[in-house]
Amino acid sequence: MMRVYNTLQGKKEELVPLSTGKIGMYACGVTVYDLCHIGHARSAIVFDVIRRYLAFKGFEVKYIRNFTDIDDKIINRAKQEGISWDAVAGKYTEEYYRDMDRLGVERADIEPKATEHIPEIIDIVKGLVDQGYAYAVDGDVYFEVRKFADYGKLSKRDVEDMLAGARVEVDERKRNPMDFALWKASKEGEPSWDSPWGPGRPGWHIECTAMSIKHLGESFDIHGGGADLIFPHHENELAQSEAYTGKPFVKYWIHNGFITIDKEKMSKSLGNFFTIREILDKFDPEVVRFFLLSTHYRSPIEFSDESLREAEASLDRYYTTITRIEDFFKEGKDQPKPSAEEKSLEETLAAFMGKFKEAMDDDFNTAMALGHIFDLIREANRFLDTKPSGPKAKDLIVKTRDLLRRAGSILNIFNKLPDVWNDALMQTKKIPYTKADILEKIRQRQEARQKKDWSAADTVRKELEAQGIILEDKKDGTTWKVRINRQG
RNA sequence: GGCGGCGUACCCAAGUGGCUAAGGGAGAGGUCUGCAAAACCUUUAUGCAGCGGUUCAAAUCCGCUCGCCGCCUCCA
């Protein structure tokens, strides 16, 4: 049984799809007017993992993630850059893909754009006007909040309370200050589409109603986004959708928490944000992904270099273990050697997937799932320390590796070879040596070691270490790797 | 002002009624090593912001207090 926290009910609920075995899921994407920051990455990754896990659980998932490609911010940006609004949208859509691809965020099944759904949007607005939920004024169309009795049920707000403490500026043409635009008349020179109310463009919330209904139907299972979308975006979306169809819109509303800097929400307006791009200049995408999954999706995450370094160290622990596993296969000893550790690993392996699923079933608890992964890693290392051999040992190690990969594939981490991980570190840590340089140093040191000239050998070691390269002497030679700087 | 959330070890972070309070990082000691690294072992919260209450039993439920944050305006 899976449980998910539903914002609408304010508690965890059992996940029961509207149609057995199938899940329709819609997540709010981005407005394409600028580069994405790490907060956008969190949301994208959270819903990417949710989608992957649901698919792993055997659901047939249809996942929709939209692009808002027309809005005030895009129009303003176009003026700034001196290009057309659709060129802005096109450019930042590409940039979005560049970042998300690097972060391992899979494409949604359908990625609709607002401007490709103008007829559907107009139909819905018209329907709302006809049913008396909306009214037109000077080419604008507003949704009349008072007409929808359940308004406020998602964000747990009361219309009267909001009016009392309203900070919104009053627009005399609205019947109620909380009324929101479904359709906006366009000003001279602005992009526009013909409509029964004159040339204009869609309001922000209506596109999601149009696109989700078109691609998922009038009622669907999951709607997600950042917690800052609960009000007003999702509240309005819910109101206009249910008013229009007369049916429940979404069964489970899922919202991810924010990323904070110095405890404050990261946001464009505060200017305290980091773009995905600048972070990926210093850390491998997998590190960012791991970092974001190491905290439960609804909790805030404090962003810092230190946290990313810790995530990097954790990942390195995984890859180091995989290297040990590879070394074990190379040795290929086949004398059976039963041990208490063998038994213990066997038990851990048998229980692992159950624990992993239990964690993920409980509102996608990736932090706990990672905890189980590291339990298995420790158990595997303990076993490898016994210098195991024999077919049974080999079988257990194969299983260990496969289970780690399987769990990793659901989170879309652990998908590199250790060498590739090391290469990535060479890059992000900006190591000033080539691999050939390092091998040459190792050769020199090896000569010194053969002569038992320990001080010369240690000089080489220290020289490399100063540049972030660690040497490891093993039975069949010396290997090297990039050192993880675990703290400051 | 209205609504909501959070406060768990040196740091990050799971756990939301009942076995010894996960996991990662850091520190200390040890095993291993020519020296290292990695790994492993031991160790670091008789206690989960504080105070009261409910209960056979609470970090977990209730109340109050303190501190921090979010939404109420575009925002992932």
Side-chain angles (χ1 to χ4, degrees), chain A residues 7 10 12 27-31 36-47 71-73 152 155-158 160-162 164-169 178 204 224-233 235 255-260 263-270 273 290-291 294-296 298-302 304 306-307 309-317 320-321 323-324 341 355 359 362 365-375 377-386 449 452-455 457-458 461-462 465 470-474 478-481 483-484 486-488:
Chain A
T7 306
K12 283 188 204 170
C28 286
V30 293
T31 300
C36 288
H37 60 62
I38 184 75
H40 298 107
R42 183 178 195 191
S43 196
I45 288 171
V46 162
F47 291 102
D71 125 307
D72 288 344
K73 291 193 288 289
S155 56
K156 315 283 186 283
R157 275 159 230 268
D158 183 86
E160 307 307 322
D161 285 352
M162 280 190 282
R167 284 196 277 154
V168 276
E169 72 182 76
M178 299 311 296
W204 175 33
D228 45 4
L229 295 182
I230 296 171
F231 190 90
H233 184 53
E235 189 70 59
H255 294 96
N256 63 274
F258 303 124
I259 292 187
T260 60
K263 300 271 185 188
E264 277 190 323
K265 180 187 168 187
M266 179 186 287
S267 75
K268 280 274 166 90
S269 44
L270 285 170
F273 62 91
F290 186 98
F291 162 67
S294 63
T295 298
H296 185 89
R298 282 190 284 113
S299 304
I301 301 187
E302 171 74 11
S304 69
E306 191 189 350
S307 303
R309 276 195 296 270
E310 287 180 6
E312 192 173 56
S314 298
L315 273 174
D316 195 61
R317 180 166 161 75
T320 300
T321 302
T323 302
R324 291 192 73 192
E341 286 79 4
K355 287 185 175 175
D362 185 12
N365 195 335
T366 53
M368 183 172 239
L370 288 171
H372 295 314
I373 285 172
F374 283 98
D375 282 337
I377 285 173
R378 193 207 296 112
E379 199 61 51
N381 276 315
R382 203 187 310 216
F383 181 57
L384 289 165
D385 278 352
T386 65
R449 291 180 76 209
K452 296 216 190 302
D453 183 352
W454 305 125
S455 97
D458 288 349
R461 180 193 286 292
K462 278 175 194 150
E465 192 171 354
I470 295 282
L471 298 184
E472 299 186 353
D473 293 328
K474 297 179 183 173
T478 299
T479 62
W480 62 276
K481 66 178 192 181
R483 183 187 53 192
I484 296 295
R486 288 154 207 275
Q487 45 175 206

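In this text the structure is predicted, and so the values were computed from the model without any measurement. Here is how names work: the chains are called A, B, and so on, in the same order as the sequence lines, proteins then strands, and each is numbered from 1.
- The base of B/C74 lies outside donor-acceptor range of the side chain of A/Asp72, with no N or O pair under 3.5 Å.
- Note on A/Lys452: nothing from the nucleic acid sits closer than 4.0 angstrom, heavy atoms only.
- Note: CD (A/Glu310) to P (B/G23) measures 16 Å, nearest angstrom.
- For the residue pair A/Ser155 and A/Glu235, a side-chain donor N or O sits within less than 3.5 Å of a side-chain acceptor on the partner.
- More than 12 heavy-atom neighbours from other residues, nucleotides or ligands sit within 6.0 angstrom of NZ on A/Lys474.
- In a base pair of the Watson-Crick type (N1 to N3 plus N6-O4 or O6-N4) or a G-U wobble (N1-O2 and O6-N3), with each distance short of 3.5 Å, B/U33 is matched with no nucleotide.
- Looking at the side chain of A/Asp375, the nearest of the listed nucleotides B/C68, B/G24, B/A22 is B/A22.
- With RNA chain B read from its 5' end, the first of the two nearest nucleotides for A/Asp385 and A/Ala227 is the one closest to A/Asp385.
- Put simply, the side chain of A/Arg449 and the base of B/G34 share a donor and an acceptor less than 3.5 Å apart.
- You'll find the side chain of A/Met266 reaches within 4.5 Å of the side chain of A/His37, heavy atoms only.
- In this structure, the nucleotide among B/C71, B/G15, B/A37 sitting nearest to the side chain of A/Lys265 is B/C71.
- Taking a pair to require two hydrogen-bonding distances under 3.5 Å in either a Watson-Crick or a G-U wobble arrangement, B/G67 pairs with B/C6.
- As the counterpart of B/U60, no nucleotide is assigned, since no Watson-Crick or G-U wobble pattern has both distances under 3.5 Å.
- Candidate nucleotides B/C74, B/C41, B/A76 were compared by shortest atom distance to the side chain of A/Arg382, and B/C41 ranks first.
- As the counterpart of B/U73, no nucleotide is assigned, since no Watson-Crick or G-U wobble pattern has both distances under 3.5 Å.
- Remark: B/U43 base-pairs with B/G27; criterion is Watson-Crick or G-U wobble with both hydrogen-bond distances under 3.5 Å.
- Among the nucleotides B/C41, B/G34, B/G24, the one closest to any side-chain atom of A/Arg317 is B/G24.
- A/Thr320 and A/Lys481 share a side-chain donor-acceptor pair at under 3.5 Å.
- When distances run from any side-chain atom of A/Met266 to the nucleotides B/A76, B/G34, B/A38, the shortest one goes to B/A76.
- Nucleotide B/U55 has no partner under the Watson-Crick or G-U criteria, as no pair reaches both atom distances under 3.5 Å.
- Base pairing annotation: B/A21 forms no Watson-Crick or G-U wobble pair, as no partner gives both donor-acceptor distances under 3.5 Å.
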